[in-house]
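Scroll down for the structure; my scribbles are underneath it.
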Amino acid sequence: MDNAVPLGIIDSLSEGFATVNRRLWVLLLPILLDLLLLSGPGISVNALVSRALVAVEQSSKVEGSGTGTPVPADTAESTEQLRTIIQSFQDTNLMGLLAWQVPSVVGATATSPLPKIRGPVITEPGGALPLVGQAFGLAVLSLLGGSFYLAGLAGGVRREAFRLGQWATLAVRGWVSFLALYAGITLAALPLTAVGVGLALVLGALSPGLGSLVSGVIGAAVITLAFYLYFTDDALFLSGVWPLRAMKMSAGLVARNFGQTMGLFLLANLILVGLPLAMRLVVEHPAGLVAAALGHAYVASGVTAGGMVFFYQRLAVQPKPADPVAV
């Protein structure tokens, strides 16, 4: 797909839906994931939620009875917020983490951080370590599923004939790149987050306004960085590069096409966030749920492919990778 003038935002999204029409089989993965979350086995976290709620209640009683003085309003408010957050995980399905990298209408329309359990419970972690282990395993599986999903879309964007071996090769390579990417992000984020939170707390103790300002600046920096890395996944699967190179390609393309990228970013997120909100009205009905699963998989895939088209047609303005991988 080599055009002298790259397609604009709307035309890129239109081409993304045309790509999905040529490869409708890519919708199987999100549809199968929805079926799993609807009727498949689930992982409950109710035991840990109940334990955490008891700990919060005991902590609030201790604070309120230690000196006989009433608990400060801000402390009581923080405790209530913590209780609300913990309660939001009641009856949720840890398997919902599989929807991290694969579009799912069940996950997108959930009113809690994770979708509710609808099928039989197969296990329930009894401690923090088993919970972290199972969550990590599900996240790795989500990256694997997302890699096969994105590899299928990438081949369609390049208008290449489907070959099972090439698709699997790019998917596995992309999965390894995904693992390296998020491992690197995690290792970098942990110390930076600790420093940022510590700085905000110290300055907040000195001056609440200054603490809020620092927190706002840190938040804005994170959002800006995420925006410049918007096309990192596309670079991984369309160019076959490794994470650091993909991040540089994404940042360079965004810098050269800032206005159009902002328009694409806002429109894509408007669609991907607004559509599930509308679908909440019909997902509780069996027939509506089937239509919502099909519609969400198609629209989310079209928007994702449209972003790939936007990126792929602008690769000419950036240095080419030394060893691209064909699909």
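Sequence positions, counted from 1, serve as the residue numbers for this chain.
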Check side chain to side chain contact (heavy atoms under 4.5 Å, CB included) between L97 and all other residues, then give those that pass, not counting sequence neighbours. L94, L114, A135, L138

Tell me whether L29 shares a hydrophobic cluster with L164, the cluster being built from Ile, Leu, Val, Met, Phe, Trp, Tyr side chains joined at under 4.5 Å. yes

Please round to the nearest 0.5 Å and tell me the distance separating atom CD of E160 and atom CG of L170. 9.0 Å

Donor-acceptor pair, side chain of S250 and main chain of A246, under 3.5 angstrom: no

Quick one: do E15 and R22 make a salt bridge, cutoff under 4.0 Å? yes

Tell me the side-chain hydrogen bond (donor to acceptor under 3.5 Å, both in side chains) pairs involving residues 41-54, sequence neighbours left out? N46-D91

Find the distance between CG (L253) and CD (Q260) and round it off to the nearest 0.5 Å. 10.0 Å

In chain order, what residues pass the side chain to side chain contact (heavy atoms under 4.5 Å, CB included) check against L294, with sequence neighbours excluded? I31, V290

Under the rule for side chain to side chain contact (heavy atoms under 4.5 Å, CB included), what residues qualify as partners of I86, not counting sequence neighbours? V49, A52, L53, V56, L82

Pairing residues for F17 by the ring pair (Phe, Tyr, Trp, His ring centres under 6.0 Å) criterion, not counting sequence neighbours: Y298

Check the hydrophobic clustering (I, L, V, M, F, W, Y; side-chain heavy atoms under 4.5 Å; chains of links allowed) and say if L272 and L266 are grouped together. yes

Minimal non-hydrogen separation, P41 against L36, with atom names: CD-CD1, 4.0 Å

Closest heavy-atom contact between V282 and A292? CG2-CB, 4.4 Å

Tell me the side-chain hydrogen bond (donor to acceptor under 3.5 Å, both in side chains) pairs involving residues 104-125, sequence neighbours left out? D34-S104

Could you state the interatomic distance from CG (L7) to OG (S12), rounded to the nearest 0.5 Å? 5.0 Å

Supply the members, apart from V121, of the Ile/Leu/Val/Met/Phe/Trp/Tyr cluster built from side-chain contacts under 4.5 Å; use none for a lone residue. I117

Within a strict 4.5 Å, meaning less than it, do heavy atoms of the P103 and H296 side chains meet? yes

Could you tell me which non-hydrogen atom of G295 sits nearest to which non-hydrogen atom of M279, and how far apart they are? C-CE, 3.9 Å

With I10 via side chain to side chain contact (heavy atoms under 4.5 Å, CB included) - residues at least two apart: S14, L267

Honestly curious: do L192 and V217 fall in one hydrophobic cluster under the side-chain, below-4.5 Å linking rule? no

Given a cutoff of under 4.5 Å between side-chain heavy atoms of I, L, V, M, F, W and Y, with clusters grown through shared members, what are the other residues clustered with W242? V176

Can you tell me how far OG1 of T304 sits from CE of M308, rounded to the nearest 0.5 angstrom? 7.5 Å

Test side-chain contact (heavy atoms from CB on, under 4.5 Å) applied to R314 and Y312, F310, F311, the passing residue: F310

Would you say the side chain of L275 lies within less than 4.5 Å of the side chain of V105, judging by non-hydrogen atoms? no

What is the distance from atom CG of L33 to atom CG of L38, rounded to the nearest 0.5 Å? 9.5 Å

Taking ring pair (Phe, Tyr, Trp, His ring centres under 6.0 Å) as the definition, give me every residue that meets it alongside Y230, ordered by chain and number, with sequence neighbours left out. F265

Over all atoms of both residues, closest heavy-atom pair of V45 and P125: CG1-CG, 4.5 Å

Supply the atom-to-atom distance L244 CG to S177 OG, rounded to the nearest 0.5 angstrom. 11.5 Å

What about V132 and L190, same hydrophobic cluster or not, with Ile/Leu/Val/Met/Phe/Trp/Tyr joined at side-chain heavy-atom distances under 4.5 Å? no

Using the ring-ring contact (aromatic ring centres under 6.0 Å, His included) rule, collect all pairs that involve residues 103-159, keeping only residues at least two apart or in two chains. F148-W167

Looking at side-chain heavy atoms only, is the closest gap between D233 and F178 below 4.5 Å? yes

Residue pairs involving residues 178-192 (criterion side-chain hydrogen bond (donor to acceptor under 3.5 Å, both in side chains); sequence neighbours excluded): Q101-Y182

For the hydrophobic clusters of this structure (ILVMFWY residues joined by side-chain heavy atoms under 4.5 Å, transitively), does one cluster hold both L24 and F162? yes

Looking at A305 and V20, what are the two nearest heavy atoms and their distance? CB-CG2, 4.4 Å

Could you go through T169 and R173, starting from their C-alpha distance and side-chain angles, then the distance that decides it, and tell me whether this counts as side chain to side chain contact (heavy atoms under 4.5 Å, CB included)? CA-CA 6 Å; T169 298; R173 179 187 174 98; 5.5 Å; no

Can you give me the closest heavy-atom contact between R23 and A161, atom names plus distance? NH2-C, 3.9 Å

